[in-house]
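Have a look at the structure below before the remarks.
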2 protein chains.
Amino acid sequence: MPDTAQPLPQRRLPLSRERVLGCAVDLADESGIAALTIRSLARSMGTKPMSLYYYVANKDEILDGIVDMVFGEIDLPSPAGDWREEMHRRAHAVRSALKRHPWAVGLLESRSSPGEANLRHHEATLGTLRAAGFSVHMTAHAYALLDSYIYGFALQEAALPFDGRDTASEITAPIVERFSTGQYPHMMEIATEHVLKPGYDFGDEFDFGLNLILDGLSRSMG
Amino acid sequence: MPDTAQPLPQRRLPLSRERVLGCAVDLADESGIAALTIRSLARSMGTKPMSLYYYVANKDEILDGIVDMVFGEIDLPSPAGDWREEMHRRAHAVRSALKRHPWAVGLLESRSSPGEANLRHHEATLGTLRAAGFSVHMTAHAYALLDSYIYGFALQEAALPFDGRDTASEITAPIVERFSTGQYPHMMEIATEHVLKPGYDFGDEFDFGLNLILDGLSRSMG
DNA sequence: TAGCGGTTTAGTACATTGTACGATATTCTT
DNA sequence: AAGAATATCGTACAATGTACTAAACCGCTA
């Protein structure tokens, strides 16, 4: 038996839950979450809509699944390291994951039951705080505070109309027009003296708030 | 002309953009944003789907509109008051509006162009910070920080499976089951020693973070 | 080699959605 | 009373999620 030459150079990979979810993430990244339909997903995988239902129960399971894939991309903090460094690293890791997959922020609100990666992430973060000496109550406070800040920042970033750094002025120019009526002097001021300055990147605001919060938490440990 | 007796005791109110948006908000509050369809909205108003299109261009405009209605419910901070008090009040006002209308948080990410009420709210907040003596840059930092925290907190609150206070334990009980395997000891600890304590309300965590942030901002003013 | 049971993939069909297009009803002006 | 402007609706279509059903494929025994 010399060889059973495959008809196509790249035979279609076999389907699997992982491949379905992976392709769903890619499709959402490229075309937005609204463009992620069962039909478009099947097309992107070279198969037919109903084939996917062998691996996932329904579309909701796909949405839950891709949210958890995003959490799976985030490095876990270590209880062994310095808590402040670990929390700083974690915050940036979560933010950058949510920036790579902006649709995930919007899904957080609607998906109620967390996946495995999500739970592991929570657990590691809580463990790091507890190991640092925070009390149970203080850990809960700190965690709610940090996550609120990170998610909220990601939410604002996702809502920004531009994503690159220097396109800011191009996009904001027409909006600034709208302010020129003088109704919104303080927004104008912020826009012209801060946001529209060359090299401005909203992402840079992240560290200011993060450090302020970490400082506050340090202090509250006594 | 004695009276032109209306056939129905309560004649249908005339349609208007405001009434359409108001009913859309009510419907989303009652049945969730997914249940807000053109058809269900028309039904709830006693009219037919296509009639709504005289007042709104399309469904996206409805979504933009109801987000702005939510902002319209929020009292504006005053540049005349003590900035810290004003920011505290504003934070609570935003949070409670987003709690009344949890679907709004999810829409923030997808809707890009802000409405009038939203702009007025931004303007008043920025004005209050500038009047308090914050520099332009510092105002931008503070605003991004505060809004991130508020939105993020609201996002987490919206994702919570329960909404009343004391149903917490009922709902979390089955989840706690899932942790009993011992895989997630720290989550168990937080759950049993903090979240499941009678009278616990996640909303109470809000003030901790808010005060920590306001303290930090005070300090950074010098 | 033939046949068989489980696994995997597809085809067809239906209800629900947003909304384009055009017709109708209502009100106002002259 | 007639016509114009305003407001409402009926029908129809394409896109979506997915239930139901059938087909293809696989490794195996006989």
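Predicted model only: the values in this text are computed from it and were never measured. By convention in this document, chain letters (A, B, ...) are assigned in the order of the sequence lines, proteins followed by strands, and residues within each chain are numbered from 1.
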Original post:
When you look at B:Asp75 and B:Arg90, which way does the salt bridge (Lys or Arg N to Asp or Glu O under 4.0 Å) test go after all the steps?
Top reply: CA-CA 7 Å; B:Asp75 278 349; B:Arg90 175 189 94 98; over 6 Å; no
Could you tell me how far apart [X] ([atom1]) and [N] ([atom2]) are, to the nearest whole angstrom?
X: A:Ile38; N: C:dT9; atom1: CD1; atom2: P; result: 15 Å
X: A:Leu52; N: D:dT16; atom1: CG; atom2: P; result: 14 Å
X: B:Arg19; N: D:dA7; atom1: CZ; atom2: C1'; result: 14 Å
X: A:Leu41; N: D:dT18; atom1: CG; atom2: C1'; result: 14 Å
X: B:Ile62; N: C:dT19; atom1: CD1; atom2: C1'; result: 11 Å
X: A:Arg43; N: D:dA15; atom1: CZ; atom2: C1'; result: 11 Å

**OP:** Consider the side chain of A:Tyr55, meaning its heavy atoms from C-beta on, and name the nucleotide among C:dT19, D:dG17, C:dT9 that approaches it most closely.
**Re:** C:dT9
**OP:** Give a yes or no answer on whether the side chain of A:Asp68 reaches the backbone of A:Pro114 with a donor-acceptor pair at less than 3.5 Å.
**Re:** no
Original post:
Is the backbone N or O of B:His101 less than 3.5 Å from a side-chain atom of B:Asp29, with the two atoms forming a donor-acceptor pair by type?
Top reply: no
Would you tell me if any nitrogen or oxygen in the side chain of [X] comes within less than 4.0 Å of OP1 or OP2 on [N]?
X: A:Thr37; N: D:dA15; value: no
X: A:Lys48; N: C:dG11; value: yes
X: A:Tyr54; N: C:dT9; value: no
X: A:Tyr53; N: C:dA10; value: no
X: B:Ser51; N: D:dA7; value: no

Original post:
For the residue pair B:Tyr143 and B:His122, is the inter-centroid distance of their aromatic rings smaller than 6.0 Å?
Top reply: yes
Original post:
How do A:Arg39 and B:Asn58 order along DNA chain C: which one's closest nucleotide is nearer the 5' end?
Top reply: A:Arg39
**OP:** Can you spot which of A:Leu52, A:Leu21, A:Asp26, A:Val56 makes a side-chain contact (heavy atoms from CB on, under 4.5 Å) with A:Leu41?
**Re:** A:Leu52
Original post:
Mapping A:Met50 and A:Ala35 onto DNA chain D by nearest heavy atom, which one lands closer to the 5' end?
Top reply: A:Ala35
